[in-house]
Peer 1: 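Below is the structure I would like to discuss, written out as C-alpha cells.
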Amino acid sequence: MPKKIYINGQFLAEADAKISVFDHGLLYGDGVFEGLRIYGGKVFRLEEHVDRLFESAKAIWLELPLSREEICEAINQTVAANELHDGYVRAIVTRGVGTLGLDPRRCSDPQLILIADKIALYPDEYYQNGLEIITVSVIRNHPAALSARIKSLNYLNNILAKIEGIQGGCIEALMLNHKGEVAECTGDNLFLVKEGKVTTPPLDAGILAGVTRAAVLELAEKLGLSATEQVLTKHDIYVADECFLTGTAAEVIPVVQLDSRMIGDGKPGPVTRQLTEAFHQMVRE
Ligand code: PMP
C-alpha cells in the first residue's frame, strides 16, 4: 500500500514528500512534534496530543498554520488516506525555510507534516519478562535551558541518553534531572509501585507530560488504587515492589531491574499487570 504523506494540505507519495534543506527544522531542530497511536482506525487521545502540540509550539514562539480542529481533521484524513487500522502517526511542525542563521523571523511559513505508518513495537518478551534498565550519566535537559514539556524536534538530549543505554546493553534508560531526582526514560515516563501505592515523578521534575502517563493515572484512580505524583530518587526504584514505563509506542511496559538491582521479585508485578490490562481495554473502547 503506497504511503500518503501530508504536507501543508497536500497528500504526497513518499518519494515526493520533501522539505527544503534550508528548513530550520533540519538546520536547528527548530520545530515541534507529536507521536500518536491509531487503535481500530481511531486516533487515541487525539485532542490531548494536539493540545500538547499547540503548547509546545507556543513555548517556542511558533504559530501553527492551522487551528486545533483543522489539525485534528488533517490527522484523521491522513489515517484514512493510509487505510490504517492500527498504527502510529507522527505530526511535525517545522519553523520553515530560513537563512543560515538562527533568527526565526527570517523563516517562511511553518511546515505541517503528517506521517501515518505501521508501528514497530518493543519485542513481546519485554512485555512478558520486563525490561532491565540502567541510569545514564546524561541528565534530562535543565528546565531553564530547554523545558522537557516542549516536545521539540531537538531530541539530542534523549538520543545521547539512549546511546549510553544501548552501550550499556539496555534498550531504554533512566534519566535523572539536574537535582539528581528521577525524571523519566529516554522516550517513556516512569512509575513505581510500593505497598500497593502507585507513584510517578511530578511534571516539575523536568519531564514530558505524557499522554499515556495521564491515562494511566486516570485508570489507577478508577481502579481504586492510590496514585500520586512524588519526587523520586533511584533508591525509591531500587526498593520498589514494581516499576513500569508508559508511552504512546510502549503503552505500559514492566521494568524488573535498575542498575543491576532487581525490582521486587524480578518479575512484572500484579499492579503493573492490572494497569496494563486496563489500558488495553481503554484503547479498545
Ligand atoms: N517522555 C519522553 C521524553 C517522550 O519522548 C515520550 C513520548 N515518546 C514520553 C515521555 C511518553 O509520552 P506519551 O505518553 O505522550 O507518548
Side-chain angles (χ1 to χ4, degrees), residues 29 31-39 43-57 59 75 87-92 115-117 119-122 126 131 133 135-136 138-143 145-166 170-178 181-192 198 200-220 227 229 232 243-255 272 275-276 278-280 282-283:
V32 294
F33 77 102
E34 275 299 317
L36 309 90
R37 197 69 184 267
I38 312 158
Y39 294 104
V43 179
F44 180 66
R45 301 228 154 173
L46 176 58
E47 282 81 19
E48 284 89 336
H49 281 286
V50 171
D51 282 347
R52 190 171 65 185
L53 186 71
F54 270 79
E55 290 185 359
S56 294
I75 290 172
Y88 182 86
V89 183
R90 173 63 53 91
I92 305 153
I115 307 166
D117 207 348
I119 183 161
L121 301 165
Y122 282 134
Y126 294 121
L131 289 172
I133 64 171
T135 311
V136 289
V138 178
I139 62 162
R140 196 71 177 90
N141 277 327
H142 191 295
L146 177 60
S147 169
R149 298 283 297 277
I150 303 170
K151 204 164 165 63
S152 91
L153 288 181
N154 191 322
Y155 244 55
L156 271 180
N157 179 219
N158 311 61
I159 291 166
L160 291 177
K162 179 111 184 165
I163 289 169
E164 201 178 320
I166 290 166
C170 299
I171 58 163
E172 188 46 298
L174 176 66
M175 301 178 79
L176 305 178
N177 66 16
H178 62 288
E181 301 158 354
V182 169
E184 59 184 336
C185 287
T186 68
D188 300 296
N189 291 114
L190 181 138
F191 284 75
L192 61 77
V198 179
T200 193
L203 297 184
D204 62 12
I207 61 171
L208 185 75
V211 170
T212 320
R213 173 185 180 276
V216 166
L217 282 170
E218 276 171 38
L219 285 174
E229 297 175 271
L232 299 173
C243 178
F244 61 87
L245 310 181
T246 63
T248 291
E251 302 180 326
V252 179
I253 189 161
V255 175
T272 305
L275 286 166
T276 304
F279 185 78
H280 288 159
M282 179 186 240
V283 302

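Just follow the structure's listing: the first ligand is 1, and inside any ligand the first atom is 1.
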Peer 1: Find all atoms of ligand 1 within a distance of less than 4.0 Å from any non-hydrogen atom belonging to V211, and give their numbers and elements.
Peer 2: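 Those atoms are 13 (P), 14 (O), 15 (O).
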Peer 1: Might you point out which heavy atoms bring V255 and I133 nearest each other, and give the distance in Å?
Peer 2: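 Result for this residue pair: CG1-CG1, 3.8 Å.
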Peer 1: Minimum heavy-atom separation for V211 and R45, please, with both atom names.
Peer 2: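 That would be CG1-CB, 3.7 Å.
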Peer 1: Quick one: which ligand 1 atoms are inside 4.0 Å of a heavy atom on T248?
Peer 2: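 So the answer, numbered in order with elements, is 13 (P), 14 (O), 15 (O), 16 (O).
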Peer 1: With a 4.5 Å cut-off on side-chain heavy atoms, are V43 and H49 touching?
Peer 2: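 No. Closest side-chain heavy atoms not under 4.5 Å.
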Peer 1: Counting non-hydrogen protein atoms only, what is the nearest one to atom 14 (O) of ligand 1? Give residue, atom name and distance.
Peer 2: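 For atom 14 (O) of ligand 1, the nearest protein heavy atom comes out as T212 OG1, 2.6 Å.
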Peer 1: As a check for students: among G210, C185, A215, A250, identify the option with a heavy atom nearest to atom 12 (O) of ligand 1.
Peer 2: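 Looking at heavy atoms only, the winner is G210.
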Peer 1: Between L146 and N141, what is the shortest heavy-atom contact and its length?
Peer 2: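 L146 and N141 have their closest heavy atoms at O-CB, 3.3 Å.
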Peer 1: Can you name the closest pair of heavy atoms from A148 and E184 and give their distance?
Peer 2: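 Reported closest heavy-atom pair: CB-OE2, 4.3 Å.
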Peer 1: Show which atoms of ligand 1 fall inside a sub-4.0 Å distance from at least one heavy-atom site of Y155.
Peer 2: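 Matching atoms, with element in brackets: 2 (C), 3 (C), 4 (C), 5 (O).
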Peer 1: Should R213 be counted as touching ligand 1, given the test is an N or O pair under 3.5 Å?
Peer 2: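 There is no such contact.
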Peer 1: Describe, in one word, how the ring planes of F244 and F191 are oriented to each other, choosing from parallel (under 30°), tilted (30 to 60°) and perpendicular (over 60°).
Peer 2: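 Ring orientation, 0 to 90° scale: parallel.
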Peer 1: State, yes or no, whether a side-chain contact exists between L121 and E251 at a heavy-atom distance under 4.5 Å.
Peer 2: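 Side-chain contact under 4.5 Å: no.
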Peer 1: Please indicate whether any nitrogen or oxygen in T246 is less than 3.5 Å from any nitrogen or oxygen in ligand 1.
Peer 2: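 No; every N/O pair is 3.5 Å or more apart.
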Peer 1: Taking all atoms of both residues into account, what is the closest heavy-atom pair of G165 and A173, and its distance?
Peer 2: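 For G165 and A173, the tightest heavy-atom pair comes out as CA-CB, 4.0 Å.
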Peer 1: Are any of the N or O atoms of N158 closer than 3.5 Å to those of ligand 1?
Peer 2: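 No, there is no polar N/O contact under 3.5 Å.
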Peer 1: With heavy-atom distances below 4.0 Å as the criterion, list the atoms of ligand 1 near G247.
Peer 2: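 In order of number, 11 (C), 14 (O), 16 (O).
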Peer 1: Which protein heavy atom lies closest to atom 1 (N) of ligand 1, and at what distance to 0.1 Å?
Peer 2: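 So the nearest neighbour among protein heavy atoms is E184 OE1, 2.6 Å.
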Peer 1: Numbering the atoms of ligand 1 from 1, which are under 4.0 Å from a heavy atom of T186?
Peer 2: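 The list of qualifying atoms is 3 (C).
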Peer 1: Is the contact between N189 and ligand 1 made by the side chain, the backbone, both, or neither, using heavy atoms and a 4.0 Å cut-off?
Peer 2: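 The part of N189 near ligand 1 is both the backbone and the side chain.
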Peer 1: Could you report the tightest heavy-atom contact between T248 and Y88, atom names first, then the distance?
Peer 2: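 Shortest heavy-atom contact: CG2-CE1, 4.2 Å.
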Peer 1: So which protein heavy atom does atom 7 (C) of ligand 1 come closest to, and at what separation?
Peer 2: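 It is K151 NZ, 3.4 Å.
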Peer 1: Tell me whether ligand 1 is touched by G187 - counting only heavy atoms on the residue side and a distance under 4.0 Å.
Peer 2: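 Yes, G187 has a heavy atom closer than 4.0 Å to ligand 1.
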